[in-house]
Amino acid sequence: MLDLNFIRKHPEEVKKAAQGKHEKVDVDRLLVLDSNRRELLFQCEQLRKEQNEASKTISQLKKQGQDTSSLVAETKVLSDRIRDYEEKLRALEPEIEGILLRIPNIPAQDVPPGEDASANIVVRSWGQRRKFRFKPKPHWELGTALGLIDFERGSKVSGAAFPLYRGLGARMERALINFMLDLHTKKHGYEEVFPPFLVNRASMTGTGQLPKLEEDMYKTTEDDLFLIPTAEVPVTNIHRDEILSCKDLPLYYTAYTACFRREAGAYGKDTRGIIRVHQFDKVELVKFVRPETSYEELESLLKDAEEVLQLLGLEYRVVKLCVGDLSFASSKCYDLEAWAPGVERWLEVSSCSNFEDFQARRINIRFRDEQGKVKCVHTLNGSGVALPRTLIAILEGYQQEDGSVGVPEALRPYMDGLAVIKA
RNA sequence: GGAGAGAUGCCGGAGCGGUUGAACGGGGCGGUCUCGAAAACCGCUGUCCGCGUAAGCGGACCGGGGGUUCGAAUCCCUCUCUCUCCGCCA
């Protein structure tokens, strides 16, 4: 959510940002409603003042044993008028709130212009392209042949795009999770948290998934709980409605969670393998920081995620998203894409964003600075990293001509020293 | 799932429907004292919104939302959460 004050002062900037992100919002309508609201509020508060004074007088008169009936009658009229105003205000607020919640965050200065992913900029690349002397297979062939992934039984149990990992496949999944959590907690200084996988509506709205993406979420209608599409939701909401001490900042959290996505708009896309699935594992990084440090913090968060891929020996590139590809809530975002030689594609395994104060304002996370002033924190998050596509990059990248797959050195301690997965 | 109790400021904890933004205690901050510290004493200790360049003025807030009333932290309804007991259960 943007600061209403800021929108009042810079409506054109807000409109431009919304347009750049392909969001339709009626900023002019908001400004009209807002000015109506303020007018009503002022009137209402004047009346309340009168009412407060009258009440005080009544109280005093009663103590003196005097008759108050005429003043009470007068104040009754006042009270009714106040009620009128309150009703008008109450009628106005949902629409204001509604528009406000649908206005996207403003891209940072250095975010490149552009309509879609084709305008994104590759900032850097890491690793060497491996030369194969045979045609590398896609992961679904490798995974099935080695008994790591059972697609048929997964869909029997739950449906399409619910892979069942088994044997060393399941083991490698767990190895990856542990490896990443250990790296982020022991080397990068994050606190490990294990949050609930179902969250309430307030949390979903807080981080911006609602109201926009409701149809993309699994939900339990009975209890109005949502299955988290990312750990960002529960972890960022840890500090909802809190005022932190400046001594607490910065806060770094890392969390493993399963993630659930209906992928409602994506039917028919990436149907094979585990590129796009309804349930997947992810290790997430979340930061709460002082505003003036958030862009440095974004760079270091990105590096923390990159290190995962480096230690796994995976070729990847860092992509800076253009305005048109930037998500609703973020000011600036880098994607990490790992190379998958079997499907011959760059796969997005991480997305690292700075939201500035957009989420913090929406969910009320602030801090008290050294002068005692209360300000919004800046929030950041990034995947560190998402598992299925990382697993793809490993299986396809480490495959041998005989159909076996090498285990990245960094994972071996988590897999009883196993170096090769053979049929 | 059944029965009951509760939710107040940074924390603990009061609060006959009428100067209660809220007693009292603790913590924190500032000051006096001290070479320094402790102790003691004094003062301060909220957030949001509106108007205003500011000082300031006004309004709201005692879990959330409604209601009764001239007036609600206090009464009523409802929701959420916490606790105790019973049942069920990984």
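- The nearest whole Å value for the distance from the CG atom in A:Asn200 to the C1' atom in B:G64 is 13 Å.
- Spacing between B:C61 and B:A73 at atom C1', rounded to whole Å, works out to 11 Å.
- A:His184 and A:Thr254 share no side-chain donor-acceptor pair at under 3.5 Å.
- As rounded to whole Å, 20 Å separates atom P of B:G58 from atom CD of A:Glu39.
- In RNA chain B, stems built from 3 or more consecutive Watson-Crick or G-U wobble pairs, each with both distances under 3.5 Å, span B:1-7 with B:80-86, B:10-12 with B:24-26, B:27-32 with B:40-45, B:46-51 with B:56-61, B:63-67 with B:75-79.
- Within the 4.0 angstrom heavy-atom criterion, only backbone atoms of the sugar-phosphate kind lie near A:Gln51; the bases stay farther away.
- Rounded to whole Å, the separation between the C1' atoms of B:U20 and B:U74 comes to 11 Å.
- Within the cation-pi definition used here (under 6.0 Å to the ring centroid, within 45° of the axis), A:Lys9 does not qualify as a partner of A:Phe6.
- In this structure, A:Lys287 satisfies the cation-pi test against A:Tyr252, with its NZ or CZ atom closer than 6.0 Å to the six-membered ring centre and inside 45 degrees of the ring normal.
- Aromatic ring pairs are classed by plane angle as parallel below 30°, tilted from 30° to 60° and perpendicular above 60°; the pair A:His239 and A:Phe288 is perpendicular.
- Electrostatic pairing of A:Asp416 and A:Arg171 counts as a salt bridge here, judged by a charged N lying under 4.0 Å from a carboxylate O.
- Atom CD of A:Glu93 and atom CG of A:Leu40 lie 9.5 Å apart (nearest 0.5 Å).
- Under the ring pair (Phe, Tyr, Trp, His ring centres under 6.0 Å) criterion, A:His22 pairs with no residue, sequence neighbours left out.
- Straight-line distance from the CG atom of A:Asp248 to the C1' atom of B:C10: 12 Å, rounded to whole Å.
- There is no side-chain donor-acceptor pair under 3.5 Å between A:Glu284 and A:Tyr190.
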Identify all pairs in which a protein N or O lies below 3.5 Å from an N or O of nucleotides 45-55 of chain B, and state each distance.
{"residue": "B:U47", "atom": "OP1", "partner": "A:Arg368", "partner atom": "NH1", "Å": "3.0"}
{"residue": "B:U47", "atom": "O3'", "partner": "A:Arg366", "partner atom": "NH1", "Å": "2.9"}
{"residue": "B:C48", "atom": "OP1", "partner": "A:Arg366", "partner atom": "NH1", "Å": "2.7"}
{"residue": "B:G50", "atom": "OP1", "partner": "A:Arg8", "partner atom": "NH2", "Å": "3.1"}
{"residue": "B:C51", "atom": "OP1", "partner": "A:Arg38", "partner atom": "NH1", "Å": "3.0"}

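- Comparing the C1' positions of B:G71 and B:U78 gives a spacing of 23 Å, expressed to the nearest Å.
- Note: CD (A:Gln43) to C1' (B:G59) measures 14 Å, nearest angstrom.
- One side chain, A:Gln43 or A:Glu39, offers a donor N or O that lies under 3.5 Å from an acceptor on the other.
- Here A:Asn52 reaches the OP1 or OP2 of B:G59: one of its side-chain N or O atoms lies under 4.0 Å away.
- Scanning residues 54-69 of chain A for heavy-atom distances under 4.0 Å to RNA chain B yields A:Ser55, A:Ile58, A:Ser59, A:Lys62.
- If you take atom C1' in B:U82 and the same atom in B:G63, they sit 10 Å apart, rounded to whole Å.
- The pair A:Asp369-A:Lys373 fails the salt-bridge criterion, with no side-chain N (NZ, NE, NH1 or NH2) lying under 4.0 Å from an Asp/Glu carboxylate O.
- Nucleotides B:G4 and B:A90, compared at atom C1', are 27 Å apart to the nearest Å.
- Screening A:Asn237, A:Asp241, A:Thr379 for a side chain to side chain contact (heavy atoms under 4.5 Å, CB included) with A:Ile363, the sole residue that qualifies is A:Asn237.
- Regarding contacts with the backbone of B:G58, every side-chain N or O of A:Gln46 stays at 4.0 angstrom or more from both OP1 and OP2.
- Using a cutoff of 4.0 Å between basic side-chain nitrogens and carboxylate oxygens, A:Arg261 and A:Asp216 are not scored as salt-bridged.
- Going from atom CG of A:Leu71 over to atom C1' of B:G18 covers 13 Å, rounded to whole Å.
- Atom-to-atom, CD of A:Glu50 to P of B:G59 comes out at 11 Å; the value is rounded to the nearest Å.
- Of the listed nucleotides (B:U68, B:C70, B:G59), B:U68 has the atom at the smallest distance from the side chain of A:Arg83.
- Proximity of residues 86-94 of chain A to RNA chain B (heavy atom under 4.0 angstrom from any strand atom) is restricted to A:Arg90.
- Nucleotides B:C86 and B:C76 are separated by 30 Å at their P atoms, to the nearest Å.
- Ion pairing of A:Asp67 with A:Lys62 is absent here, as no side-chain N (NZ or NE/NH1/NH2) approaches a carboxylate O to less than 4.0 Å.
- What separates CG of A:Leu225 from P of B:C79 is a distance of 17 Å, to the nearest Å.
- B:U8 and B:U47 have their C1' atoms separated by 15 Å, with the value rounded to a whole Å.
- Between A:Glu215 and A:Arg262, none of the side-chain N atoms (NZ, or NE/NH1/NH2) sits under 4.0 Å from a carboxylate O, so this pair counts as no salt bridge.
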Indicate every side-chain donor-acceptor pair of residues 138-162 of chain A with a distance under 3.5 Å to a residue at least two apart or in another chain.
{"residue": "A:His139", "atom": "ND1", "partner": "A:Glu396", "partner atom": "OE2", "Å": "2.9"}
{"residue": "A:His139", "atom": "NE2", "partner": "A:Ile274", "partner atom": "N", "Å": "2.9"}
{"residue": "A:Thr144", "atom": "OG1", "partner": "A:Trp140", "partner atom": "O", "Å": "2.6"}
{"residue": "A:Asp150", "atom": "OD1", "partner": "A:Glu152", "partner atom": "N", "Å": "3.4"}
{"residue": "A:Asp150", "atom": "OD1", "partner": "A:Arg153", "partner atom": "N", "Å": "3.0"}
{"residue": "A:Asp150", "atom": "OD2", "partner": "A:Arg153", "partner atom": "NH1", "Å": "2.8"}
{"residue": "A:Asp150", "atom": "OD2", "partner": "A:Arg166", "partner atom": "NH1", "Å": "2.7"}
{"residue": "A:Ser155", "atom": "OG", "partner": "A:Phe151", "partner atom": "O", "Å": "3.1"}
{"residue": "A:Ser155", "atom": "OG", "partner": "A:Glu152", "partner atom": "O", "Å": "3.0"}

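- Whole-Å rounding puts the A:Leu47 CG to B:G71 P distance at 13 Å.
- Comparing the C1' positions of B:C81 and B:G30 gives an interatomic distance of 38 Å, to the nearest angstrom.
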